[in-house]
Protein chains: 2
Amino acid sequence: MTATTSTLGFAILAVLARADSTGYEIAGRMRHPIGRFWTASYSQIHTDLQRLLAADLVEYATAPGPGPQDKKVYSITAKGLGALRDWVTQPPRPQPERDELVLKTYAAWLADPATLIEMFRTALRQHEERLAEYESAWVAVEERAPAFGTPGFGNMATLRCGLTYERHRAEWCRWMIDQLSRSLEPS
Amino acid sequence: MTATTSTLGFAILAVLARADSTGYEIAGRMRHPIGRFWTASYSQIHTDLQRLLAADLVEYATAPGPGPQDKKVYSITAKGLGALRDWVTQPPRPQPERDELVLKTYAAWLADPATLIEMFRTALRQHEERLAEYESAWVAVEERAPAFGTPGFGNMATLRCGLTYERHRAEWCRWMIDQLSRSLEPS
DNA sequence: ATTCACTATGTCATTTCTGACATAGAGGGG
DNA sequence: CCCCTCTATGTCAGAAATGACATAGTGAAT
């Protein structure tokens with residue numbers, strides 16, 4: 001009965017709720033900024049767009065494109081907006097939570113500490129880079145202070161999550177490096 | 001050339017590096033404690049065990065089981081241990097990072113703030129519960145102070161990650177609730 | 001007595017996801 | 001002049017993952 005629209009479907013709807021877009025543009029936004037918390041390739045988006053189309057959650061207008069075919073500018077329908085709104089407040093089912101670095105950490109006791117330190121230093125550098133990126137974006141967003149009811153609120157809220165996440169990660173990496181260093185030179 | 005063992009394969013090897021186990025037992029450990037950072041169903045583990053078996057990374061001994069068939073107690077081979085050790089220090093490829101709550105947050109500006117507050121309060125409660133769980137486990141693990149080179153080190157390191165992660169999440173949920181509350185009653 | 005939970009193996013259909021491929025015009029750099 | 005990148009659409013094979021099903025013995029509680 002319930003048209004089981006996949007999570008990716010809602011991600012697409014969330015994009016279209018902000019601006020009408022071609023499939024290509026949606027794919028671009030799935031890399032940035034959504035890519036930080038949900039990823040999808042174009043072929044996957046294409047498949048899902050057909051599904052959304054069939055369920056009348058999106059529609060499109062054709063416009064002359066650069067390639068051999070016309071481009072299709074998708075937009076969300078009233079029905080789609082309703083479905084999206086419903087989905088947003090539905091409690092998320094406990095998600096898988098897959099993290100290769102932590103899995104490696106679980107087996108880290110088998111490996112060479114010096115090499116591990118290098119690996120965690122690389123990870124730390126990446127997290128610090130992203131943290132700096134987020135922090136500069138944060139001061140910009142805080143100035144404008146986007147109100148609830150505007151897309152800017154969504155940007156601010158997800159940015160905030162990314163910010164504290166990167167902080168937690170960097171902190172953990174530093175702790176790991178410290179622990180591993182101690183195992184190398186025991187005072 | 002490179003025997004492309006999946007990440008799940010290494011998760012299984014990481015379990016067997018600690019103790020010989022039946023497939024059923026591996027599945028149990030994939031729920032707890034590995035389930036926090038990598039999940040797999042039994043059918044998936046079964047498929048992967050066959051692959052690992054074919055690649056000589058694991059072997060098994062039969063023993064009388066409760067059911068109609070003998071049970072198979074798997075153990076890691078020298079080759080498997082080598083592959084696992086190599087994999088551990090290999091830098092992890094940037095993982096997908098899928099988070100439904102954050103995706104909902106991205107579209108939260110469309111929904112009702114009061115309902116959202118409830119959703120985040122539920123999430124906060126869950127994170128606080130897990131945090132309390134991890135914190136009591138932490139004091140127990142810190143006392144024993146497991147040395148590098150023992151499985152206990154892996155337990156401690158992953159627990160530490162879970163600890164700071166839950167703290168970050170709880171913090172973010174509290175921030176969200178605060179923001180959403182403000183949009184309800186503007187001073 | 002019967003039901004339930006746990007141990008233990010395995011299959012299978014379906015869905016989801018990835019990565020490669022195919023097409024094609026516009027615009028810029030070497 | 002050629003090559004690369006970006007825009008833009010789409011297909012397809014194969015891998016990965018899920019969830020349901022099938023079988024079957026033990027032991028504990030109702």
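Naming: A, B, ... by sequence-line order, numbering from 1 per chain.
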Would one find a side-chain N or O of A:His46 under 4.0 angstrom from OP1 or OP2 of D:dT11? yes
Below the 4.0 Å mark, does D:dT18 have OP1 or OP2 next to a side-chain nitrogen or oxygen of B:Gln44? yes
Nearest whole Å is fine: how far is [N] [atom2] from [X] [atom1]?
X	N	atom1	atom2	result
A:Ile45	D:dT11	CD1	P	15 Å
A:Arg31	D:dC6	CZ	C1'	11 Å
A:Tyr74	D:dT9	OH	C1'	9 Å
A:Lys71	D:dG10	NZ	P	13 Å
B:Leu49	C:dG10	CG	P	9 Å
A:Tyr42	C:dA22	OH	P	18 Å
B:Arg51	D:dA16	CZ	P	5 Å
A:Gln69	C:dT23	CD	C1'	8 Å

Below 4.0 angstrom, N of the basic side chain to O of the carboxylate: do [X] and [Y] qualify?
X	Y	value
A:Arg174	A:Asp178	no
A:Arg93	B:Glu100	yes
A:Arg160	A:Glu142	no

Establish, from distance only, whether the side-chain atoms of B:Asn155 and B:Arg18 form a donor-acceptor pair under 3.5 Å. yes
Tell me what B:Ser41 touches on the nucleic acid: a base, only sugar-phosphate, or nothing, going by heavy atoms under 4.0 Å.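 Answer is base: heavy atoms of B:Ser41 come under 4.0 Å of a base.
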Quiz question: going by heavy-atom distance under 3.5 Å, is there a donor-acceptor pair between the base of C:dG19 and the side chain of A:Ser43?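 When only heavy-atom distances are counted, A:Ser43 does reach the base of C:dG19 through a donor-acceptor pair under 3.5 Å.
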Residue whose closest nucleotide on DNA chain C lies nearer the 5' end, B:Arg98 versus B:Val73: B:Val73
